[in-house]
Asks: 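I'd like to ask you about the structure that follows.
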Amino acid sequence: MILPVDFYRRPTLDVARDLIGKVLVCKSKQGVTAGAIVEVEAYIGEDDPACHAAAGPTERNAPLYGPPGRAYVYLNYGLHDMMNAVTEEEGHPAAVLIRALEPLEGLALMRRRRSRAPWRKGKASVSDHELCRGPGNLCRAMGITLTDNTRPLTRGPLTIHDKGIQHGEIVWSQRIGIRVGTEHQWRATVYNHRSVSGKR
DNA sequence: CGTTCGATGCACT
DNA sequence: GTGCATCGAACGT
């Protein structure tokens, strides 16, 4: 079952918690890839200094202010695409960053895409549980790019499904990789899951 | 263990 | 011109 728009039109922390265990599916000409979400972070409103909406509306962060249930994809550090699911009512800028997946489908395609990254030309291939470990890696493995920005997650090539997957315990911790807004415990992970990014 | 740093693009000031 | 919601290798302790 594809998650309906109303799933996303809720408090962002609730959406973040409930996205754990849901399945992100991406269809492309090259094939289908899918993975279960095991790590997310919430970015909530203009008062959250780490949220892209902190400085008010701009052309880039416009999707955050738009309707819920759509993708907000942007380029970071010049080489990594980051994928978010927009939450809350229209006009309330907030989203959940998808940070890691447990690969379920299309692993060979994921591995092919990962090996094409500029910094790993000629390097050893990636083990299964590392294919979608980290927000940049996940987008590369799934083939998610800026062209997916603003696309609805309720239909089309990029969707999120409830397949009844039950992972282990969900743990809340500080968001990682940011310089401001670290006081909030807005990162949800599956406890001890191998595909979760960060230190072991 | 820890820290540093190169690869790389673009929105924002 | 600056600074990122990164990745992974190359160092130093």
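Below, chains carry the letters A, B, ... as their sequence lines are ordered, and counting in each starts from 1. What's counted below: heavy atoms across the whole structure, side chains too, no hydrogens, waters or symmetry copies. Predicted model, so just to flag it, every value in this text is computed and none were measured.
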Asks: Give me the residues of residues 182-196 of chain A where at least one heavy atom lies under 4.0 Å from an atom of DNA chain B, by number, or none.
Replies: none
Asks: Mind listing the closest non-hydrogen atom pair of A/Ala53 and A/Pro93 along with its distance?
Replies: CB-CB, 3.5 Å
Asks: What's the CG-C1' distance between A/Asp81 and C/dC4, to the nearest Å?
Replies: 14 Å
Asks: Rounded to the Å, how far apart are A/His80 NE2 and B/dC10 C1'?
Replies: 14 Å
Asks: My understanding is that only residues two or more places apart in sequence, or in another chain, count here; which of them pass salt bridge (Lys or Arg N to Asp or Glu O under 4.0 Å) with A/Arg17?
Replies: A/Asp14
Asks: Starting at atom CZ of A/Arg99, determine the distance to atom P of C/dC7, rounded to an integer number of angstrom.
Replies: 7 Å
Asks: Determine the minimum heavy-atom distance between A/Val5 and A/Pro68, stating which atoms define it.
Replies: CG1-O, 4.0 Å
Asks: Under 3.5 Å, side chain of A/Asn84 to main-chain N/O of A/Ala95, donor-acceptor pair present?
Replies: no
Asks: Roughly, in whole Å, what's the span from OH in A/Tyr72 to C1' in C/dA5?
Replies: 10 Å
Asks: Let's see if you can work this out: which of C/dC7, C/dA5, C/dT6 has an atom nearest to the side-chain heavy atoms of A/Asn84?
Replies: C/dA5
Asks: If you draw the axis of the six-membered ring of A/Tyr72, does the NZ or CZ of A/Arg70 fall within 45° of it and under 6.0 Å from the ring centre?
Replies: no
Asks: How does DNA chain B read in dot-bracket, base by base from 5' to 3', with Watson-Crick or G-U pairs under 3.5 Å and | used when the partner is on another strand?
Replies: |||||||.||||.
Asks: Near DNA chain C, which residues from residues 46-60 of chain A have a heavy atom under 4.0 Å away?
Replies: A/Ala50, A/His52
Asks: Roughly, in whole Å, what's the span from CG in A/Leu79 to C1' in B/dT8?
Replies: 4 Å
Asks: Categorize A/Arg175 for me: base, sugar-phosphate, or nothing, with a 4.0 angstrom heavy-atom threshold over every strand shown.
Replies: nothing
Asks: When you measure from the side chain of A/Arg133 to the backbone of A/Gly198, do you find a donor-acceptor pair of N or O atoms at a distance under 3.5 Å?
Replies: yes
Asks: Could you go step by step and tell me if A/Tyr74 and A/His52 meet the ring pair (Phe, Tyr, Trp, His ring centres under 6.0 Å) rule?
Replies: CA-CA 10 Å; A/Tyr74 69 95; A/His52 282 182; 4.4 Å; yes
Asks: Within the stacking criterion (centroid distance below 5.5 Å, interplanar angle below 30°), does A/Tyr77 stack on B/dG9?
Replies: no
Asks: Answer yes when A/Arg175 and A/Asp48 have at least one side-chain N-carboxylate O distance shorter than 4.0 Å, and no when they do not.
Replies: yes
Asks: Pick the P atom in B/dT13 and in C/dA5, then give their distance to the nearest Å.
Replies: 13 Å
Asks: Specify the residues of residues 128-152 of chain A, ordered by number, for which at least one heavy atom lies under 4.0 angstrom from an atom of DNA chain C.
Replies: A/Arg133, A/Gly134, A/Pro135, A/Gly136, A/Asn137
Asks: Considering non-hydrogen atoms only, spot the tightest contact between A/Ala71 and A/Pro63 and give its length.
Replies: O-CB, 4.5 Å
Asks: Hey, is A/Arg9 close enough to A/Glu89 for a salt bridge, meaning N to O under 4.0 Å?
Replies: yes
Asks: With a non-hydrogen cut-off below 4.0 angstrom, is A/Leu75 in contact with a base, only sugar-phosphate, or nothing?
Replies: sugar-phosphate
Asks: To the nearest Å, give me how far apart CZ (A/Arg114) and P (C/dT6) are.
Replies: 15 Å
Asks: According to ring-ring contact (aromatic ring centres under 6.0 Å, His included), does anything in residues 147-167 of chain A pair up with another residue at least two apart or in another chain? List the pairs.
Replies: A/His167-A/His193
Asks: Can you establish whether the number of heavy atoms outside A/Asp47 located under 6.0 Å from its atom CG is more than 12?
Replies: no
Asks: So, are A/Glu39 and A/Arg187 salt-bridged, with charged N and O less than 4.0 Å apart?
Replies: yes
Asks: When you look at CZ of A/Arg194, are more than 12 heavy atoms from neighbouring residues, nucleotides or ligands closer to it than 6.0 Å?
Replies: no
